[in-house]
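Scroll down for the structure; my scribbles are underneath it.
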Amino acid sequence: MNRVRINELLQRPEAGGEVTIHGWVRTCRHSKGFSFLEINDGSIIHNIQCVVDADVPNYDRDVKALQTGASVRVTGRLVDSPGKGQRFEIQAKDVHVYGNAEGYPLQKKGHTMEFLRSIAHLRARSNTFGAVLRVRNVMARAIHDFFQSRGFVYLHTPIITASDCEGAGEMFRVTTLDAGDPPRAEGEIDFAQDFFGKPTSLTVSGQLSAETAALALSDVYTFGPTFRAENSNTTRHLAEFWMVEPECAFFDLDDDVALAEAFLKHIFSTVLSECPDDMDFFNKRIDKTAIETLRHIVESPFERMSYSDAIEILSKSGKSFEFPIEWGLDLQSEHERYLTEEHVKRPLVLTDYPRDIKAFYMRQNDDGKTVAAMDVLVPKIGEIIGGSQREERLDRLQERMKEMGLPEEDYWWYLDTRKFGTAPHAGFGLGFERTIQFCTGMANIRDVIPFPRTPGSAEF
RNA sequence: UCCCCGAUAGCUCAAUGGUAGAGCGAGCGGCUGUUAACCGCUAGGUUCAAGGUUCGAGUCCUUGUCGGGGAGCCA
């Protein structure tokens with residue numbers, strides 16, 4: 001089809017020439033003798049205004065009947081607009097209606113995010129969600145660009161896992177057994193008869209697989225869907241979300257922190273430079289500090305602090321917190337928020353947490369109390385990155401697993417990587433949707449993914 | 001899972017325990033440059049569900065469902 005995108009039209013240096021656009025009517029205003037149609041094709045947040053005079057052949061039958069949401073093809077001359085509010089407009093000479101939209105639920109007036117969520121199949125046609133999807137796309141590309149330009153290998157880790165050992169998080173069971181009448185052996189469900197011959201679940205992390213690849217290819221990253229069956233009902237949790245997990249061999253915690261900082265800054269500066277119109281929209285309508293915040297972060301170094309120092313700052317803060325502050329206890333949301341929003345007012349990297357509140361695979365520090373862990377905290381969202389240097393010493397890893405009651409036989413392949421040419425290595429995980437939230441200022445994580453999956457909700 | 005708040009027209013909301021309304025949207029008409037256009041008219045309701053109190057319930061009570069905010073859970 002003869003088709004030009006609206007973003008290309010709007011970026012032309014000057015008017016002139018005949019053009020054909022395709023898109024959806026965002027709003028139309030009819031006067032006696034002519035109509036204004038504003039058409040959007042999703043290529044850019046802005047609409048193009050089309051002026052349709054009544055001498056267009058199907059004017060009375062089609063054009064006057066157009067409703068918001070209708071799909072059209074418009075051909076006409078691209079001219080300078082005499083009106084205010086737009087540079088160019090199309091003086092239409094042919095309008096074809098693909099489909100009208102009687103009863104279309106979206107209006108040109110603003111809608112609540114809750115309502116848009118209830119029509120998630122149509123909300124990409126709203127300004128806000130269109131902008132979210134375009135920014136999401138640019139961020140995904142920025143992530144690949146960042147790693148690819150540094151020689152990282154994009155690794156596809158399995159979605160289905162038989163490792164019951166990926167973590168303490170609740171997992172979604174994957175099975176082909178008859179849920180109503182599963183085969184049993186001695187009273188227990190007989191997973192030997194299941195598709196994989198053993199219990200399987202959706203992955204909660206690709207990290208353990210990524211470690212095996214990093215210990216071969218040196219630098220790898222994963223970027224894929226991740227699943228958590230936690231009954232979490234918050235603005236920051238999804239049951240199905242996307243996670244980025246780089247893993248690097250011959251890397252220590254300092255390298256890991258530096259990588260995380262460079263990585264976030266690359267994503268943010270890419271969004272600023274490649275999504276100016278969408279970011280303007282977010283800045284005007286969603287979060288008046290969105291652009292300023294991103295600029296500030298790109299330009300200033302991240303604050304870095306040990307867990308122990310954070311505890312000291314919190315206990316001397318004079319703030320009254322609901323949860324106690326004591327060395328050895330995990331930080332609560334209120335503590336993280338105070339540190340990043342009030343104390344340093346920018347992203348904060350916390351390192352060297354007590355080993356008893358962290359995972360078995362994190363490298364034990366020489367003090368015998370802490371591990372080489374790091375969390376990147378950002379204002380409003382909280383934890384956006386969690387990572388660590390991994391324990392590469394076989395004996396220390398086995399010792400820690402024993403203390404935590406993890407059976408070695410379940411991890412035989414993971415332990416093999418420490419037996420055969422082990423190497424210091426580190427990595428982290430980035431919550432993709434939380435990062436989109438941070439860039440756009442969108443308050444609810446359900447509004448930065450096309451079709452959110454949350455407890456009790458898997459619509460669309 | 002816990003605490004708090006909410007559910008009324010397609011959407012956003014109003015209505016002292018006493019006749020359910022407005023704006024937008026929709027339909028019809030008007031208007032020769034509009035910009036969330038403007039002007040006039042019309043249609044549009046099981047007030048989330050079930051039960052209860054009351055002469056009378058959108059309003060008060062109970063339970064449930066759904067949604068929102070906060071917290072927890074969460075590699």
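Secondary-structure stems of RNA chain B, taken as three or more successive Watson-Crick or G-U wobble pairs (i with j, i+1 with j-1) under a 3.5 Å distance threshold, comprise B:1-7 with B:65-71, B:10-13 with B:21-24, B:26-30 with B:38-42, B:48-52 with B:60-64.
The side chain of A:His237 sits closest to B:C74 out of B:C74, B:U34, B:G68.
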N/O-N/O pairs, protein side and nucleotides 40-50 of chain B side, under 3.5 Å:
none

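Look at A:Thr235 and you won't find any side-chain N or O under 4.0 angstrom from OP1 or OP2 of B:G69. Distances shown here put every side-chain N or O of A:Asn233 at or beyond 4.0 Å from the OP1 or OP2 atom of B:G70.
Among the protein residues, A:Phe34 comes within range of the sugar-phosphate backbone only, with heavy atoms under 4.0 Å from sugar or phosphate atoms but none that close to a base. Within 4.0 Å (heavy atoms only), A:Lys358 reaches no atom of the nucleic acid at all. At the heavy-atom level, A:Ser388 lies nowhere under 4.0 Å from the strands shown.
For a distance-only test at 3.5 Å, the side chain of A:Ser232 fails to qualify as a donor-acceptor partner of the base of B:C74. For A:Glu89 and B:G33, a side-chain-to-base donor-acceptor distance below 3.5 Å is present, hydrogens and geometry of angles not being considered. One N or O donor and one acceptor, one from the side chain of A:Gln86 and one from the base of B:U34, sit under 3.5 Å apart.
Rounded to a whole angstrom, the distance from the C1' atom of B:A26 to that of B:G69 is 34 Å.
A:Phe36 has its CZ atom 9 Å from the C1' atom of B:U32, to the nearest Å.
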Next on the checklist: Does the protein touch nucleotides 21-29 of chain B at the base, only the backbone, or not at all? Give it as B, S and - per nucleotide, heavy atoms under 4.0 Å.
Outcome noted: ---BSSS--
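In this structure, a donor-acceptor pair under 3.5 Å is present between the side chains of A:Arg355 and A:Gln364.
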